[in-house]
Amino acid sequence: CDIELENGVIVPKKAFGELKRVLSSFSDPIEFIELGFAENSVLIKADNIVITAILIEGMFPNYKNVVPDSTNISLTLDRTSFIYALKMVSVLDSTRSLGIHFKFSENKLELLANDADFGEAHETMSIDYQGETFSMGFNARYILDVLYLIDDDYCRFSLVDGFSPAIIMAEKDDDFV
């Protein structure tokens with residue numbers, strides 16, 4: 001059965017995560033990966049590994065309408081330290097939506113989360129930033145999902161201002177957004 005891919009498909013993140021986990025145990029690099037699609041499923045084949053998954057229904061959101069074309073602020077952050085700080089603070093994120101408060105000020109980033117029952121969590125990171133102090137909120141889970149996919153030691157966190165979406169990318173790989 002041929003399937004039209006002109007509108008694209010949404011493959012579950014878990015399928016590629018499993019492929020990455022299995023392939024990381026190989027000593028030799030895999031030369032190529034084959035993808036096959038049926039009506040509502042995907043088949044991923046690499047060497048002698050075969051993974052099948054059910055495609056996610058619906059259309060992928062048009063992210064190009066949300067991601068800014070240019071940014072005014074670009075920070076380089078130590079990815080491991082950023083992950084650590086987010087994980088520490090997110091323990092007390094009771095809202096699980098925009099629960100982590102990011103406060104950018106001269107040479108520091110403060111991460112804050114509050115829980116009515118357990119209090120406040122606070123982590124501070126040194127950053128290279130000179131500019132106006134501003135704050136914004138993020139869902140820590142979304143930020144961590146991106147950071148786990150980046151292989152570089154550092155990531156770029158770029159913003160237009162405190163009211164716009166952020167762009168997170170690997171420091172050395174402009175194709176990874």
Side-chain angles (χ1 to χ4, degrees), residues 5-21 55-177:
L5 295 177
E6 63 190 42
N7 292 326
V9 294
I10 304 174
V11 177
K13 178 178 101 171
K14 192 172 183 177
F16 284 113
E18 183 64 15
L19 180 66
K20 182 178 178 181
R21 185 188 67 77
L55 296 172
I56 296 173
E57 291 185 29
M59 297 290 294
F60 194 78
N62 186 357
Y63 66 91
K64 292 179 182 175
N65 290 338
V66 178
V67 176
D69 291 331
S70 62
T71 59
N72 300 326
I73 302 164
S74 185
L75 308 167
T76 300
L77 303 172
D78 179 287
R79 189 183 66 86
T80 303
S81 297
F82 194 25
I83 289 171
Y84 175 81
L86 276 171
K87 286 172 76 172
M88 294 299 290
V89 171
S90 66
V91 169
L92 290 185
D93 176 15
S94 62
T95 64
R96 301 283 181 222
S97 57
L98 290 179
I100 305 298
H101 180 84
F102 285 57
K103 181 179 178 185
F104 298 89
S105 58
E106 190 167 325
N107 295 320
K108 72 179 175 180
L109 167 60
E110 296 176 79
L111 305 173
L112 296 139
N114 291 301
D115 182 277
D117 297 326
F118 298 107
E120 182 178 281
H122 180 269
E123 286 288 325
T124 302
M125 293 181 59
S126 295
I127 59 172
D128 184 17
Y129 173 69
Q130 284 75 40
E132 297 292 319
T133 298
F134 68 96
S135 298
M136 55 195 318
F138 289 101
N139 180 320
R141 179 81 266 151
Y142 296 154
I143 304 290
L144 287 168
D145 283 348
V146 173
L147 294 174
Y148 289 140
L149 295 172
I150 295 174
D151 286 331
D152 284 356
D153 292 335
Y154 294 90
C155 63
R156 277 199 317 256
F157 196 88
S158 301
L159 308 152
V160 174
D161 55 35
F163 304 103
S164 302
I167 298 172
I168 302 171
M169 58 188 354
E171 180 188 33
K172 297 176 184 168
D173 185 1
D174 288 337
D175 293 331
F176 181 94
V177 177

Q) Which heavy-atom pair separates Leu55 from Val11 by the least distance, and what is that distance? A) CD2-CG2, 3.9 Å
Q.
Once rounded to the nearest 0.5 Å, what's the spacing between atom OH of Tyr148 and atom NZ of Lys13?
A. 9.5 Å
Q: To the nearest 0.5 angstrom, please state how far the CG atom of Asp153 sits from the CZ atom of Arg79.
A: 7.5 Å
Q. Would you say Ile100 and Asn139 make side-chain contact, with heavy atoms under 4.5 Å?
A. no
Q.
Could you check whether atom CD of Gln130 has more than 12 heavy atoms from other residues, nucleotides or ligands sitting under 6.0 Å from it?
A. yes
**Q.** Approximate separation, where rounding is to 0.5 Å, of Cys155 SG and Lys172 NZ
**A.** 13.0 Å
Q. Do other residues, nucleotides or ligands put more than 12 heavy atoms under 6.0 Å from Glu132 CD?
A. no
Q: Report the relative orientation of the aromatic rings in Phe134 and Tyr129; use parallel for angles under 30°, tilted for 30 to 60°, perpendicular for over 60°.
A: perpendicular
Q: Flag the pair Leu144 / Ile83 as yes when at least one side-chain heavy-atom distance between them is below 4.5 Å, and no otherwise.
A: yes
Q) Can you tell me if Arg156 uses its side chain to pair, donor with acceptor, with the backbone of Glu171 under 3.5 Å? A) yes
Q | Taking every non-hydrogen atom, the tightest pair across Asp78 and Met125 | A | O-CE, 4.3 Å
Q) Atom CD in Glu110, atom NE2 in His101: separation rounded to 0.5 Å? A) 8.0 Å
Q: Using atom types as modelled and distance alone, determine if a side-chain donor or acceptor of Asn107 lies under 3.5 Å from a backbone N or O of Asp128.
A: no
(Q) Less than 4.5 Å apart, side chain to side chain, heavy atoms only: is that true for Tyr154 and Leu77? (A) no
Q: State, yes or no, whether a side-chain contact exists between Leu86 and Phe102 at a heavy-atom distance under 4.5 Å.
A: yes
Q. Can you tell me how far the CG atom of Leu109 sits from the CD atom of Glu123, to the nearest 0.5 Å?
A. 10.5 Å
Q: Assess whether side-chain contact (heavy atoms from CB on, under 4.5 Å) is satisfied between Phe104 and Ile127, documenting all intermediate values.
A: CA-CA 9 Å; Phe104 298 89; Ile127 59 172; 4.2 Å; yes
Q: Kindly give the heavy-atom pair with the smallest separation between Pro165 and Pro68, and that separation in Å.
A: O-CG, 4.0 Å
**Q.** pair Ile168-Ile143: side-chain heavy atoms closer than 4.5 Å
**A.** yes
Q: With rounding to the nearest 0.5 Å, note down the distance linking OG in Ser158 to CD1 in Ile73.
A: 9.5 Å
Q.
Tell me the closest heavy-atom pair linking Leu159 and Ala166, and the distance in Å.
A. CD2-CB, 3.3 Å
